[in-house]
K.L.:
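Sharing a structure here in structure tokens format.
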Amino acid sequence: MIRAIRACKTAAEERAVVRKECAAIRASINENDNDYRHRNLAKLMFIHMLGYPTHFGQMECLKLIAAAGFPEKRIGYLGLMLLLDERQEVLMLVTNSLKQDLNHSNQYIVGLALCALGNICSAEMARDLAPEVERLMQFRDPNIRKKAALCSIRIVKKVPDLAENFINPAASLLKEKHHGVLITGIQLCIDLCKVSEEALEYLRKKCTDGLVKTLKDVVNSPYAPEYDVAGITDPFLHIRLLRLLRVLGQGDADASDCMNDILAQVATKTESNKNAGNAILYECVETIMSIEDNGGLRVLAINILGRFLSNRDNNIRYVALNMLMKAMTVDTQAVQRHRATILECVKDSDASIRKRALELVYLLINETNVKPLTKELIDYLEASDEEFKEDLTAKICSIVAKFSPEKIWYIDQMLKVLSEAGNYVKDDVWHALIVVISNASDLHGYTVRALYRAFQTSSEQESLVRVAVWCIGEYGDMLVNNVGMLDIEDPITVTESDAVDVAETAIKRHKSDLTTKAMALISLLKLSSRFPSCSERIKEITVQYRGNLVLELQQRSIEFNSIIAKHPNIRSALVERMPVLDEATFMGRRAGSMPSSVSTSTVSSINLPNGVNKTSAAPLVDLLDLSSDDVPAPSPGGGDFLQDLLGVDVSPSSNQPGTNHAVQNGTDVLLDLLSIGTPPAQNISSTPDIFSSVQDNKTPLAPLDLLLSPSHSTQATPPRDASVIDLLDGFGAKPPLVPENNGSAFPSIVAFESSNLKAVFNFSKIPGNPQTTLIQAIFTNLSSDIITDFIFQAAVPKFLQLHLDPASGNTLPANGNGSMTQNLKVTNNQHGKKSLVMRLRIAYKMNNKDLLEEGQVNNFPRGL
């Protein structure tokens, strides 16, 4: 068969061979041919590895396992591990055979059973067979003890409640002389400590000293050929011992003191010329950083990492950088000593090392070393690769903004970055630079001259061009007259025509985008007032764009040309210098204090009725946290606009109970909401839950494959601040919505059921709103194990809108002894035409294992 498959030239030929062979195997199975059963199973395993279905041969595995001879059992257990997994129900049939083989007189058959159990053990099998495995950990043969320890690891992970049964046997394995058994015993102890606090405390008190002695014996042991790797005795055992010591020493000062001496000995005696030695040193450093504080040891560990950075092996340098980033939280000063070596790693040829080193340099920088380190990074910026410049530029800009000691230094460094990598600078960076320049009144002349020089050599850098034309438009007269000269600079000769040349070059560059050209036009308008002698030239330049295909440039050109030609009396007032920009407000906005979901273009495009200006829409949109896609189309009346936006009837003719009759029209309500004009009225009997309705309509619904979690819904809901509610008190309020009792109109359904979980949906309706359905989901744990970290998610098609409230908890007790609820609200925009449908995803932990289940609900009652 193997030769036939290898001879196939196409996938179709291979499938034909496999189909023919599978048919022959099925015929042999039907004939119950014992002589060829093991051969058939071997062929099935090969077919399985090729990716073809082999489920029809699963029972053959069980028959071979039940056979008496070792060869049949060996092929049977191998097939069991390859063709089945713990989720297969047929696996329950093999439990009795495994129990018999674990008690078999032939140790090789016992080994086969342990190997299979360690690979496919389920929770039920673990509970049934744990006593046999525990007994075999004291078996006379070391290979059986080793396999029993490995099998115990699987059992403890599957059923943590059984951990206490393995504490004493695991502790006894730590005294073994056989290295294989000792390594597996150490790993078992590590896993026991992870799942059982009792095991951790026991091993700390009883085994710490013994482990330290064992590690000392291994470190000082003479040459042993059977365990030697590159001149080091059993580095695998070294590493396992260090890992267990790390677990025991973490959070315990006494245990940490016991191991300090041996850790120092490992750190100083281990050779670092070979990879095995470096692996031990790395594990030793990891242990030193994890146990309780010892300043001398930590300095020694960080020095080891410093030596790693000088290694030629990229992998060693990368793990050293990772560990140094962790060490920054422990001993920053010790890491600072290796600053020069880390900085050299930023210039490494390996991209991953460069990025990791750059992140570490960013953590190292503070007020005392910001100047030399920034200089090094900017110097390297010129020679760095194109793909690395973006990351490097972003980090430098962040460093300069965060640690700048003075404004002149900030401006100088930013000009260097813009000159070298202006095309990689993000918009908010050059915006911030303009804000800083506008606030530094004593540096206006110095800055505009520096930008003029930089423009002459780096006119291809887009961000530099934008800042230069802005500054020349504002402070062009200072450039020409050398105003505000500093001692550190030399005077330059720049004529009025030269200053205009900069803006003209910027607007005529074919690479300039719309923003740059628009800024250049504004600069030209301002220069026409600063330099009256150049007015005609500037007019000729702006006239050229009156017929431009880009509407923005065309409109600016026509308006600016009109100002220059027809309104010289008001031009100087129009183009006065910008007032000082509020630096604190801008920095707060950059830090995220202003909503980012509403863009400038979105706000400016809102067309409000009744004379309310466009900019007044911004607070309203910010208040309700609406994205640009959700701003409703304008309507002829202000009341209709607010009704569409907020779901509240504010028309003058509204006669609903609780309406404030002082509100005459929608515009007045909008002005009240925005604190414009008359303050909002307070005499309202009840306030509707406007925010919840806005939340439900806030985000366009995603398709079925995009899931919405409760955490998202919770975060998106605006805070119910008292002042915000007061702002809304001016609206005519509808009475609070109360779900109606439907009785048996909409019966409950079982929305989801598996071997572990059951979800039941109860339904109710809101009076007068047939499109909206309130769903109460009740979850029950059907298994015998506790479910933790429960997360329920749901998704609906686009014609539905879904809102999820947080669940009542995240833990479900076993065996249905309690339940958990979560409320959902679904609005059907196609009510009466399309039925509800929903896809579910439920994530949870059981026995410290992450599980994920999915399902689709198609059985919603009619009429929802």
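Source: prediction; values computed, not measured.
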K.L.:
side-chain contact (heavy atoms from CB on, under 4.5 Å) with Ile291: which of Leu248, Leu245, Asn260?
P.N.:
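Testing each of Leu248, Leu245, Asn260 against Ile291, the sole residue satisfying side-chain contact (heavy atoms from CB on, under 4.5 Å) is Asn260.
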K.L.:
To the nearest 0.5 Å, what is the distance between SG (Cys151) and NZ (Lys146)?
P.N.:
14.0 Å
K.L.:
Between side-chain atoms of residues 376-391 and protein atoms elsewhere (two or more places apart, or another chain), which donor-acceptor pairs fall under 3.5 Å?
P.N.:
unit_1, atom_1, unit_2, atom_2, d
Asp379, OD2, Lys375, NZ, 3.1
Ser384, OG, Leu381, O, 2.9
Glu386, OE1, Tyr424, OH, 2.4

K.L.:
What's the verdict on salt bridge (Lys or Arg N to Asp or Glu O under 4.0 Å) for Glu406 and Lys371, showing C-alpha distance, side-chain angles and the deciding distance?
P.N.:
CA-CA 11 Å; Glu406 52 194 357; Lys371 288 188 176 181; 3.6 Å; yes
K.L.:
Looking only at the side chains, is there a donor atom on one of Arg240 and Gln187 sitting less than 3.5 Å from an acceptor on the other?
P.N.:
yes
K.L.:
Test Cys115 against Tyr77 for side-chain contact (heavy atoms from CB on, under 4.5 Å), laying out the working first.
P.N.:
CA-CA 9 Å; Cys115 187; Tyr77 278 121; over 6 Å; no
K.L.:
Check whether Arg356 reaches the backbone of Asn322 with its side chain - one donor and one acceptor, N or O, closer than 3.5 Å.
P.N.:
no
K.L.:
Does a sphere of radius 6.0 Å around NZ in Lys395 hold more than 12 heavy atoms from other residues, nucleotides or ligands, not counting ones at 6.0 Å or beyond?
P.N.:
yes
K.L.:
Is any side-chain heavy atom of Met137 closer than 4.5 Å to a side-chain heavy atom of Phe166?
P.N.:
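Of all side-chain heavy-atom pairs linking Phe166 with Met137, at least one is under 4.5 Å.
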K.L.:
Going from NE2 on His431 to OG on Ser463, what distance comes out if it is rounded to the nearest 0.5 angstrom?
P.N.:
9.0 Å
K.L.:
Counting N and O atoms only, with roles assigned by atom type, does the side chain of Arg354 sit under 3.5 Å from a partner on the main chain of Ser349, one being a donor and the other an acceptor?
P.N.:
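Here the side-chain-to-backbone pair exists.
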K.L.:
Quick check on Glu226: does its CD atom have over 12 non-hydrogen neighbours (other residues, nucleotides or ligands) under 6.0 Å away?
P.N.:
yes
K.L.:
Below 4.5 Å, heavy atoms only, C-beta onward: do Ile186 and Leu182 meet side chain to side chain?
P.N.:
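SC-SC contact between Ile186 and Leu182 confirmed.
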K.L.:
Is there side-chain contact between Val319 and Met323, with at least one heavy-atom pair below 4.5 Å?
P.N.:
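No, side chains not in contact.
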K.L.:
Val370 and Lys402: side-chain contact (heavy atoms from CB on, under 4.5 Å), yes or no, with the steps?
P.N.:
CA-CA 10 Å; Val370 62; Lys402 187 176 181 180; over 6 Å; no
K.L.:
Tell me every residue that passes ring-ring contact (aromatic ring centres under 6.0 Å, His included) with Phe236, counting only those two or more places apart in sequence or in another chain.
P.N.:
none
K.L.:
Keeping Arg145 on the side-chain end and Phe139 on the backbone end, is there a donor-acceptor pair under 3.5 Å?
P.N.:
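Yes, Arg145 side chain to Phe139 backbone: donor-acceptor pair under 3.5 Å.
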K.L.:
Within a strict 4.5 Å, meaning less than it, do heavy atoms of the Asn275 and Ile316 side chains meet?
P.N.:
yes
K.L.:
Just to verify, what does Asp850 make a salt bridge (charged side-chain N to carboxylate O under 4.0 Å, His left out) with, not counting sequence neighbours?
P.N.:
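Applying salt bridge (charged side-chain N to carboxylate O under 4.0 Å, His left out) to Asp850 gives none.
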K.L.:
With no hydrogens and no angle check, is any side-chain donor or acceptor of Thr287 less than 3.5 Å from a backbone partner on Leu242?
P.N.:
yes
K.L.:
Are more than 12 heavy atoms from other residues, nucleotides or ligands located less than 6.0 Å from atom NZ of Lys347?
P.N.:
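More than 12 within 6.0 Å, yes.
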K.L.:
Taking atom types as modelled, find out whether Tyr844 and Asn810 have a side-chain donor-acceptor pair closer than 3.5 angstrom.
P.N.:
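Checked: Tyr844/Asn810 side chains show no N/O donor-acceptor pair below 3.5 Å.
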K.L.:
A quick test of your reading: do over 12 heavy atoms of other residues, nucleotides or ligands sit less than 6.0 Å from CD1 of Ile786?
P.N.:
no
K.L.:
Using a 3.5 Å distance criterion without hydrogens, assess whether the side chain of Gln461 forms a donor-acceptor pair with backbone atoms of Gly422.
P.N.:
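Between the backbone of Gly422 and the side chain of Gln461 there is a qualifying donor-acceptor contact (under 3.5 Å).
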K.L.:
In Å, rounded to the nearest 0.5 Å, how long is the span from CD1 of Ile167 to SG of Cys193?
P.N.:
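Spacing of CD1 (Ile167) from SG (Cys193) equals 9.0 Å.
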K.L.:
For Lys849, is there any backbone N or O sitting under 3.5 Å from a side-chain donor or acceptor partner on Asn847?
P.N.:
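Judged by distance alone, no pair lies under 3.5 Å.
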K.L.:
Just by modelled atom types, is the Gly249 backbone N or O under 3.5 Å from a matching donor or acceptor in the Ser256 side chain?
P.N.:
yes
K.L.:
Under 3.5 Å, is there a donor on one side chain and an acceptor on the other for Gln265 and Asn220?
P.N.:
yes
K.L.:
Measuring from atom CG of Asp412 to atom OG1 of Thr374, what distance do you get when rounded to the nearest 0.5 angstrom?
P.N.:
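Taking CG in Asp412 and OG1 in Thr374, the distance rounds to 12.5 Å.
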K.L.:
Under the side-chain contact (heavy atoms from CB on, under 4.5 Å) criterion, do Leu363 and Thr332 qualify, and how do the steps go?
P.N.:
CA-CA 9 Å; Leu363 295 177; Thr332 305; over 6 Å; no
K.L.:
More than 12 foreign heavy atoms under 6.0 Å from CZ of Arg74: is that the case here?
P.N.:
no
K.L.:
For a 4.5 angstrom cut-off between non-hydrogen side-chain atoms, does Leu281 reach Arg307?
P.N.:
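Yes - at least one pair of side-chain heavy atoms lies under 4.5 Å apart.
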K.L.:
Give a yes-or-no answer on whether the side chains of Thr788 and Thr811 include a donor-acceptor pair shorter than 3.5 Å.
P.N.:
no
K.L.:
Under the criterion side-chain contact (heavy atoms from CB on, under 4.5 Å), I'd like the reasoning laid out for Leu192 against Tyr202: C-alpha separation, chi angles, the key distance, then a yes or no.
P.N.:
CA-CA 11 Å; Leu192 284 172; Tyr202 179 86; over 6 Å; no
K.L.:
Asn119 side chain to Ala116 main-chain N or O, any donor-acceptor pair under 3.5 Å?
P.N.:
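Checking the backbone N and O of Ala116 against the side chain of Asn119, no donor-acceptor pair under 3.5 Å is found.
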K.L.:
Are Leu324 and Leu309 packed together at the side-chain level, in the sense that at least one heavy-atom pair is separated by less than 4.5 angstrom?
P.N.:
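Yes, at least one pair of side-chain atoms sits under 4.5 Å.
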K.L.:
For Glu853 and Ala843, indicate whether the former's side chain and the latter's backbone hold a donor-acceptor pair under 3.5 Å.
P.N.:
no
K.L.:
Would you say that Lys216 contacts Asp261 through its side chain, given a criterion of any heavy-atom pair below 4.5 Å between the two side chains?
P.N.:
no
K.L.:
With salt bridge (Lys or Arg N to Asp or Glu O under 4.0 Å) as the test, would you mind laying out the steps for Glu286 and Lys326 before giving the verdict?
P.N.:
CA-CA 10 Å; Glu286 190 95 71; Lys326 296 179 184 177; 3.7 Å; yes
K.L.:
Is there a side-chain contact between Arg246 and Glu283, using heavy atoms and a 4.5 Å cut-off?
P.N.:
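Side chain of Arg246 against side chain of Glu283, heavy atoms only: contact under 4.5 Å found.
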K.L.:
Do Asp350 and Ser352 have side-chain N/O donor and acceptor atoms under 3.5 Å apart?
P.N.:
yes
K.L.:
Can a donor-acceptor pair be found, under 3.5 Å and without considering hydrogens, that links the side chain of Asp228 to the backbone of Thr233?
P.N.:
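Answer holds: no.
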